Amino acid sequence: MDHARLADLLFPNVTRTPEDIEALYPPRQLPEGAKVTRFAPSPTGFVHFGGLFPTTIGERLAHQSGGVFYLRIEDTDAKREVEGAAEGLIRTLEHYGIHFDEGAVIGEDGKICDRGIYGPYRQSQRGPIYHVYAKQLVALGKAYPVFTTKEELEAMNAVDKKAEIKAKDWHEDQTAQREAMLRAREITIEEVEKNLAEGNPFVLRILADGDPEKKVPFTDLIKGKLEIPENDEDFVLLKSDGIPTYHFAHAVDDHLMGTTHVIRGEEWLPSLAKHIMLFRYLGFRMPKYMHIAQIMRLDENGNKKKLSKRDMGANMDDYSRMGYAPACVCEYIMTLLNSNYEEWHMQNPDKPYTDFPFNIKKMSNSGCLFDFDKLNDVSKNVISRMSAEEVTALVTAWAKEYDPAFGEQLAKDPAFTTAIFAIGRGGKKPRKDLATWADAKPYMGFFFDPAQTDAYPEQFSSEDIKAALVGFLGGYDPADEMNAWFDKIKAVAREIGYADDMKAYKADPSAFRGSIADVSMFLRVAVTGKLNAPDLYTVMQILGKDETVRRVQSMIDRL
RNA sequence: GGCCCGUUGGUCAAGCGGUUAAGACACCGCCCUUUCACGGCGGUAACAGCAGUUCGAUUCUGCUACGGGUCACCA
C-alpha cells in the first residue's frame with residue numbers, strides 16, 4: 001500500500017502540512033506554572049450541575065495560576081445540536097461568575113464570535129485543520145478509510161445503535177465487530193479509487209497497534225496511578241461528513257490551543273487509551289488529566305445514579321427558578337470540591353471563594369450525592385451575611401421574574417423592604433431565614449398582606465384574646481422604647497389573669513390562665529397573621545402606627 | 001458479558017501503619033428565649049467482607065461482594 005498516494009486520494013484538497021498549522025499556533029507566553037484549561041461543551045442543551053462542577057475546577061485552576069481559561073464549542077454532531085444552546089450555556093456560566101479569557105464569546109450582536117488567536121473556537125469551523133492531521137496519519141499508514149454506500153449510511157442512522165447492541169449478546173457483537181474491523185483494514189488502493197469514483201462516503205479509522213494485554217502506566221491527577229490497557233480498537237477519526245469525532249478533535253485542539261490540564265468526568269476514563277494512542281501517533285505531548293467523579297443522585301430503588309440532564313436538580317436554570325443565588329450555588333460547589341473549603345471559609349468569612357487556595361490533592365475521587373439539605377444550609381449562611389440592601393435587590397429581581405405581583409410590592413418602597421430584611425441582620429448571630437429567594441414571601445410577605453391568618457390555638461377563648469388586643473391598643477404608643485412597650489404588654493397580661501413572668505408561670509401554670517408568651521402570640525397573630533414571626537416590636541415599628549392599629553382592630557372585629 | 005473506577009455514620013468527608021476514627025449537614029435531647037430564626041451544650045450513628053504482609057492494619061496487597069462508568073460515524 002502506497003500510503004502517500006492514499007493520502008492524496010482521500011484528501012486531494014489538503015495542501016498544508018502539520019508544520020504549516022503549528023506555525024499558526026505559537027506556544028503561549030505564560031508564567032511558570034500557569035495552567036491553561038477549557039470548558040468544552042457540546043451545544044446540545046443547558047448547563048447542568050454535573051457540568052458546572054468540572055467547569056469551576058478549570059476556572060479556578062487557570063485563574064489561580066495566572067493562566068488561561070477558554071471556551072471551545074464542540075459542535076461536531078449536527079444531529080444533536082440545539083439551536084441557541086451555545087449562547088444559553090455562555091449566559092448561564094456568566095450568571096455563575098465563570099468568565100472566559102478566550103474562546104467563543106457572545107458578541108455585541110448577540111451572536112457567537114471568537115476572541116483570541118488560538119481559534120477558531122468552534123470545532124465545526126476547524127474542518128480544514130483536522131484534515132491536515134488526518135492526511136498526515138494516512139500518509140504515515142496510521143489511518144485508513146472505510147467506505148459505506150449512502151444506503152447503508154441511512155440505514156445506520158435510522159437505528160439506535162446502543163439499544164441494538166444491548167439487545168444482542170455483547171460477546172457476539174464484539175467478535176463480529178472485530179472481524180469486520182480486520183477485514184476493513186485490508187482495503188486496497190484500487191478499492192479506494194473505485195469507491196471514491198462512485199461517490200461513496202468514508203470514515204477514517206485509526207490503525208490501532210495496541211495490545212490490550214499490555215498495560216501502560218498513567219498518572220491521573222485525581223485518580224492517581226492507573227494502569228491503562230492499550231487500545232486495539234480502530235476507532236473513527238473522521239465521520240463520513242468529514243467532521244472529526246470527539247477523540248480526534250480533542251487531540252488536535254488541545255494540542256494546538258495549548259491546554260495544559262484536561263478536566264473531565266470519569267466517564268472518559270475508558271477512552272483514555274484511545275487518546276494516549278492518538279497523541280502518540282500525532283507526536284503531541286499529552287496534557288495532564290483530571291478525571292473527576294460524577295455527581296450522583298438517588299433513583300427510585302435507592303441506588304446511586306449519575307446525575308444526568310433530565311434529573312431534578314440538574315438544570316442550572318432550575319436553581320434560578322427555585323431562587324437560589326449564584327453565590328450560594330458556587331459556595332456549595334466549593335464545599336464539594338475541596339473538603340477543607342468550609343474550614344477555610346469559617347476562618348475567612350468575608351473573603352470571596354476565589355481567594356481560597358484550591359488544591360487538586362484535596363479532591364474526592366468518589367462520586368458524591370447531591371444534597372439539597374447541605375445546599376440550603378450553605379445558602380442560608382451566605383444570605384445571612386449579605387447586607388439588607390443586597391438582599392432587597394436580589395429578592396426583588398427574582399420576584400419580578402417569578403412572582404411579579406410580589407415583585408411589584410417589594411419594589412414599590414425599597415426603603416420599607418430594606419427595613420424588613422434588615423431585621424436581625426448584621427452582628428455575630430444573624431437570622432438565617434432564607435435559603436432561597438422563594439423563602440422570602442412566606443417569611444415576610446405579611447408585611448404587605450396578612451392574607452392568610454394562622455388560627456389561634458383552641459385552648460384560648462376569643463374573650464381572652466379580644467381583651468388582650470383591646471388592652472394593648474389602649475396603651476399602644478409607637479414612640480415607646482422596646483422595654484416600655486413590652487412592660488405595657490405585661491400589664492395587659494396581668495389584667496386578664498395571664499402570668500407576666502415566665503418563671504412564675506412555669507413554676508405553677510395552674511395559677512394562671514396563660515402566660516405572657518400567649519399574650520404576645522395573640523398580638524403576633526393579629527399583626528402578622530402568623531404564629532411565628534421575627535421580633536414583634538420591630539415589626540410594629542416598620543409597619544407604623546396606623547397599619548399596626550388597623551390590623552389589631554381588624555382582628556378584634558373578627559373575634 | 002469484557003474492561004475501567006470506586007466503597008469510612010443517613011449525606012459530604014478528615015485520615016496517608018499505632019487516633020478515645022475529626023468536622024460539617026440532617027436527625028434527637030437540653031439550654032437561651034414572648035414565637036420563630038440565631039446561638040450554646042450534648043447525643044444517636046461509620047472503616048463492605050474475607051485472606052495475606054506486619055509486633056500492629058481504616059491505612060499496604062490479593063480475592064469476593066456491592067455500587068458506578070464504558071463498550072457509536074454522541075460527546
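Quantities reported herein were computed from a predicted structural model and do not represent experimental measurements. Residue numbering restarts at 1 for every chain, and letters A, B, ... go by the order of the sequence lines.
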For A:Glu481, does the CD atom have more than 12 heavy-atom neighbours from other residues, nucleotides or ligands under 6.0 Å away?
no

Nucleotide N/O of nucleotides 21-24 of chain B paired with protein N/O under 3.5 Å:
from, atom 1, to, atom 2, distance (Å)
B:rA24, O2', A:Glu342, OE2, 3.1
B:rA24, O2', A:Lys374, NZ, 2.4

Quick one: do A:Glu331 and A:Arg385 make a salt bridge, cutoff under 4.0 Å?
no

Can you tell me how far P of B:rG2 sits from CD of A:Gln177, to the nearest Å?
17 Å

Can you see if the side chain of A:Thr245 gets near the phosphate of B:rC73 - specifically, an N or O under 4.0 Å from OP1 or OP2?
no

Counting only Watson-Crick and G-U wobble pairs with both atom distances below 3.5 Å, the stems of 3 or more consecutive pairs that include RNA chain B are B:1-7 with B:65-71, B:10-12 with B:23-25, B:27-31 with B:39-43, B:48-52 with B:60-64

How would you label the contact of A:Ser364 with the nucleic acid (heavy atoms, under 4.0 Å): base, sugar-phosphate, or nothing?
sugar-phosphate

Would you say A:Thr76 places a side-chain N or O within less than 4.0 Å of OP1 or OP2 belonging to B:rA75?
yes

Between B:rG9 and B:rA14, how far apart are the two C1' atoms, rounded to whole Å?
13 Å

Rounded to the Å, how far apart are A:Ile295 CD1 and B:rG69 P?
13 Å

Does A:Thr335 have a side-chain nitrogen or oxygen under 4.0 Å from the phosphate oxygens OP1 or OP2 of B:rC12?
no

All N/O contacts under 3.5 Å from nucleotides 4-7 of chain B to the protein, with atom names and distances to one decimal?
from, atom 1, to, atom 2, distance (Å)
B:rC4, OP1, A:Lys215, NZ, 3.1
B:rC5, O2', A:Lys223, NZ, 2.8
B:rC5, O2', A:Glu266, OE1, 3.4

Those residues at least two apart in sequence (or on a different chain) that pass salt bridge (charged side-chain N to carboxylate O under 4.0 Å, His left out) with A:Arg126 are A:Asp253

Rounded to the nearest Å, what distance is computed from the NZ atom of residue A:Lys361 to the P atom of nucleotide B:rC16?
15 Å

Starting the side chain at C-beta, find the nucleotide from B:rC73, B:rC25, B:rU33 nearest to A:Arg205.
B:rC73

For A:Val236, which contact category applies under a 4.0 Å heavy-atom criterion: base, sugar-phosphate, or nothing?
sugar-phosphate

Counting only side-chain N and O atoms of A:Lys506, is one of them less than 4.0 Å from OP1 or OP2 of B:rU33?
no

Taking atom C1' of B:rU11 as reference, at what distance in whole Å does atom CG of A:Asp371 sit?
5 Å

Would you say A:Gln123 places a side-chain N or O within less than 4.0 Å of OP1 or OP2 belonging to B:rA75?
no

Same-atom distance (C1') from B:rA48 to B:rU7, integer angstrom
7 Å

side-chain hydrogen bond (donor to acceptor under 3.5 Å, both in side chains) partners of A:His48, counting only residues at least two apart:
none

What is the distance, to the nearest angstrom, from the CZ atom on A:Arg425 to the P atom on B:rG39?
14 Å

Pick the C1' atom in B:rU64 and in B:rG6, then give their distance to the nearest Å.
15 Å

RNA chain B nearest-nucleotide lookup for A:Lys362 and A:Cys368: closer to the 5′ end is A:Cys368

Whole angstrom value for the distance that separates C1' of B:rC74 from CG of A:Leu237
16 Å

When you measure from the side-chain N and O atoms of A:Lys239 to the phosphate of B:rC74, is any distance below 4.0 Å, counting only OP1 and OP2?
yes

Considering only nitrogen or oxygen atoms on both sides, find all protein atoms under 3.5 Å from nucleotides 34-37 of chain B and state each distance.
from, atom 1, to, atom 2, distance (Å)
B:rU34, O2, A:Ser520, OG, 3.1
B:rU34, O2, A:Arg524, NH2, 2.9
B:rU35, O4', A:Arg524, NH1, 3.4
B:rU35, O2', A:Leu531, O, 3.4
B:rU35, O2', A:Asn532, OD1, 2.6
B:rU35, N1, A:Arg524, NH2, 3.3
B:rU35, O2, A:Arg524, NE, 3.3
B:rU35, O2, A:Ala533, N, 2.9
B:rU35, O2, A:Ala533, O, 3.0
B:rU35, N3, A:Ala533, O, 2.7
B:rC36, O2, A:Arg431, NH1, 3.3
B:rC36, O2, A:Arg431, NH2, 2.4
B:rC36, O2, A:Ala533, O, 3.4
B:rC36, N3, A:Arg431, NH1, 3.2
B:rA37, O2', A:Lys432, N, 2.8
B:rA37, O2', A:Lys432, O, 3.3
B:rA37, O2', A:Asp433, OD1, 3.4

From CG of A:Asp241 across to C1' of B:rC74 the rounded distance in Å is 13 Å

Can you check the A:Leu336 CG to B:rA14 C1' distance for me, whole Å?
15 Å

A:Asp75 with A:Arg122: basic N within carboxylate O range, under 4.0 Å:
no

Indicate yes or no: does A:Arg72 engage A:Asp254 in a salt bridge with an N to O separation below 4.0 Å.
yes

